[in-house]
Engineer: 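Sharing a structure with you now.
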Amino acid sequence: MEPRSRSFYLLGAFFALFILFLYGPTITIGILSFQGPGGGLTFPMRGVSLNWYRELFQQQAVGDIWGAFFRSLVLGLMVMVTTVVVSVMGGLAFRRKFRGSTPLFYLIITSLTIPSILVSLGIGLIFSQSGLDVHWATSGFGAQLTWTLPFGLLIMFAVFNRFDKSYEEAARDLGATPWQTLQHVVLPIIGPSLIGVALFGFTLSYDEFARTLLTAGSYNTLPLEIFGMTTNVTSPVLYALGTMTTLFSFIIIGVFLLIARISQSRRAAMGSDAGKGLV
Amino acid sequence: MSRQNALELAQLTKKYGETIAVDGINQLIASGTYTCLLGPSGCGKSSTLRMIAGHETVSSGDIVLAGTNITDLPPARRGTAMMFQNYALFPHLSVIDNVAFSLKMKGIARDERRAQARTLLELVDMASYGDRLPAQLSGGQQQRIALARALITSPQILLLDEPLSALDPFLRLRMRSELKRLQLSLGISFIHVTHSQDEAMALADQIIVMNGGRIEQAGTPHEIFDAPRTEFVARFMGGHNIIALDGAKYAVRADRISLASVPLAAGRDAVVKAIEYLGTTVNVSLDMEGAPEITATVSDSAFFAAPFEAGQSVSVAWQRADAHELAA
């Protein structure tokens with residue numbers, strides 16, 4: 001093997017530092033969550049225990065962690081479904097150039113560049129000014145969509161860019177109506193990408209903070225609840241909670257990957273010995 | 001070759017903005033024949049095919065099939081079926097479901113449509129591949145499935161867009177004869193778009209040579225090759241020399257040119273520029289007055305019986321009947 005150049009080791013070391021910076025804090029919190037009953041928020045560890053996890057499940061005095069978790073879960077699913085449906089429809093609409101499509105596209109993308117806290121403030125103000133209830137499932141839901149929809153639409157642009165139009169022509173040639181073409185050809189082919197959009201929509205919502213801050217109303221979502229806890233909870237329960245939510249995110253991603261894997265292997269299971277035949 | 005079931009193109013025109021892709025072509029295509037639309041890329045052959053298929057709107061003119069004006073009908077109601085260049089097999093459906101797709105769209109029950117699809121798979125020798133996915137098939141196999149999927153709609157005309165271009169040379173020859181066999185046994189019309197002269201000559205009952213959105217010449221392969229009507233056709237088909245004589249241009253087949261080291265009757269003087277040995281034939285490049293770049297194709301036995309060499313002065317001649325005057 002060729003000897004590596006010095007820059008390889010330099011850049012490699014830099015990259016390792018970056019990875020440490022990226023995941024070090026999360027791992028530290030994971031370790032500290034197993035702090036002994038007498039331990040505090042920082043090192044050193046005073047023994048190892050599951051004490052803080054126990055306390056987490058014992059509905060303690062501060063906050064409403066489980067309520068916040070279920071609100072975040074429901075909101076995440078609402079945002080996920082809406083993002084997938086609207087992004088697909090938007091992606092389909094933008095496949096053809098229409099009058100005003102370029103300004104409309106910029107209008108949609110601008111939402112990503114406006115500071116989140118301003119979006120949050122604006123939506124919160126509009127709701128309270130017009131006498132509507134500021135609630136995580138209404139104003140909070142809307143505020144999160146301003147974040148997930150542009151992302152979802154951008155992903156669909158990439159998906160449809162790679163989509164071969166002759167599939168649709170073939171379907172039309174074989175007598176499929178536009179609706180049948182969408183149902184039997186387009187959606188099944190882009191299906192795996194939709195899993196990506198769904199996952200994106202869910203995770204963006206699940207850990208969204210700034211846009212939800214002033215739009216969630218009286219009941220907190222999980223990120224807001226955790227933020228609240230950082231100011232008044234001074235025990236490693238906070239770390240136990242952080243570790244649990246991180247694990248939950250991993251589980252969600254794992255589930256989506258599993259779905260993608262299963263749907264793929266179900267196709268492949270139909271038998272493969274290509275090349276056996278002559279022509 | 002009845003005219004009743006023929007396909008007729010009348011003043012068929014396709015414009016993309018200011019660009020004219022197909023320029024008012026008129027053509028009759030008899031039923032039950034194999035027709036090749038031949039020409040270089042951008043000549044309008046694919047646009048013509050796609051207009052016949054209904055995948056491209058017609059700017060003006062008409063398409064009439066078996067006495068019915070199908071110009072504005074949707075693709076599936078025209079009596080045509082198209083096989084796409086990349087086959088466009090649905091990647092998520094098994095082979096049998098790909099073939100049965102059009103029946104599913106019509107709402108035919110699963111068992112019945114699969115039974116019909118199986119018949120079509122047998123027709124293309126793919127009966128044992130029904131459960132595969134397209135990605136698990138070779139190019140030639142995919143093409144057979146695409147054929148079966150198009151033919152299950154019982155079209156009067158099968159439209160093939162460069163069907164052989166995605167295959168390697170060996171498979172291409174094999175599928176070529178298969179297409180011809182299938183056309184003959186089904187008795188329907190095939191219209192096949194290609195840029196390969198060999199392919200068109202080997203397959204077609206009728207070749208339509210297109211250039212710049214117009215039809216340059218239509219006829220049997222023999223007519224087109226032996227007596228090209230325009231300089232474009234002569235050059236595109238190959239094997240011809242374009243010779244300017246007395247203010248007119250003539251096409252003379254390279255293998256109809258006689259060469260001798262002694263003066264021939266009505267012979268012209270030329271100098272041998274280069275020799276190319278091709279196995280069964282030998283190409284002799286010549287410099288002649290009025291035709292600085294002409295080629296004589298000589299059989300190898302004739303050549304080696306009396307070889308020529310570069311720089312040699314020779315006499316060149318051809319039969320008057322072999323010189324075809326070209327339209328200006």
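Convention: sequence-line order gives letters A, B, ...; per-chain numbering from 1.
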Engineer: B:L89 versus chain A, heavy atoms under 4.5 Å apart: side chain, backbone, both or neither?
Structural biologist: backbone
Engineer: Can you say whether B:R50 sits under 4.5 Å from chain A via the side chain, the backbone, both, or neither, judging by heavy atoms?
Structural biologist: side chain
Engineer: Could you tell me whether B:R172 and B:E199 make a salt bridge, using a distance below 4.0 angstrom between a side-chain N and a carboxylate O?
Structural biologist: no
Engineer: Has A:R211 got a side-chain atom pairing as donor or acceptor with A:V119's backbone, closer than 3.5 angstrom?
Structural biologist: no
Engineer: Are more than 12 heavy atoms, taken from residues, nucleotides or ligands other than B:R181, located less than 6.0 Å from that residue's CZ atom?
Structural biologist: yes
Engineer: For chain A, which candidate among B:K106, B:R149, B:R78 shows the most heavy-atom pairs at distances under 4.5 Å?
Structural biologist: B:R149
Engineer: Using heavy-atom distances under 4.5 Å, tell me whether B:D125 contacts chain A through its side chain, its backbone, both, or neither.
Structural biologist: neither
Engineer: Which atoms of A:D173 are under 4.5 Å from chain B, going by heavy atoms: the side chain, the backbone, both sets, or neither?
Structural biologist: both
Engineer: Do side-chain atoms of A:E168 reach the backbone of A:V185 as a donor and acceptor pair under 3.5 angstrom?
Structural biologist: no
Engineer: Based on non-hydrogen pairs under 4.5 Å, which of A:A170, A:A171, A:G191 is most in contact with chain B?
Structural biologist: A:A170
Engineer: If you define the side chain from C-beta out and look only at heavy atoms, does anything of B:T80 sit under 4.5 Å from B:P155?
Structural biologist: no
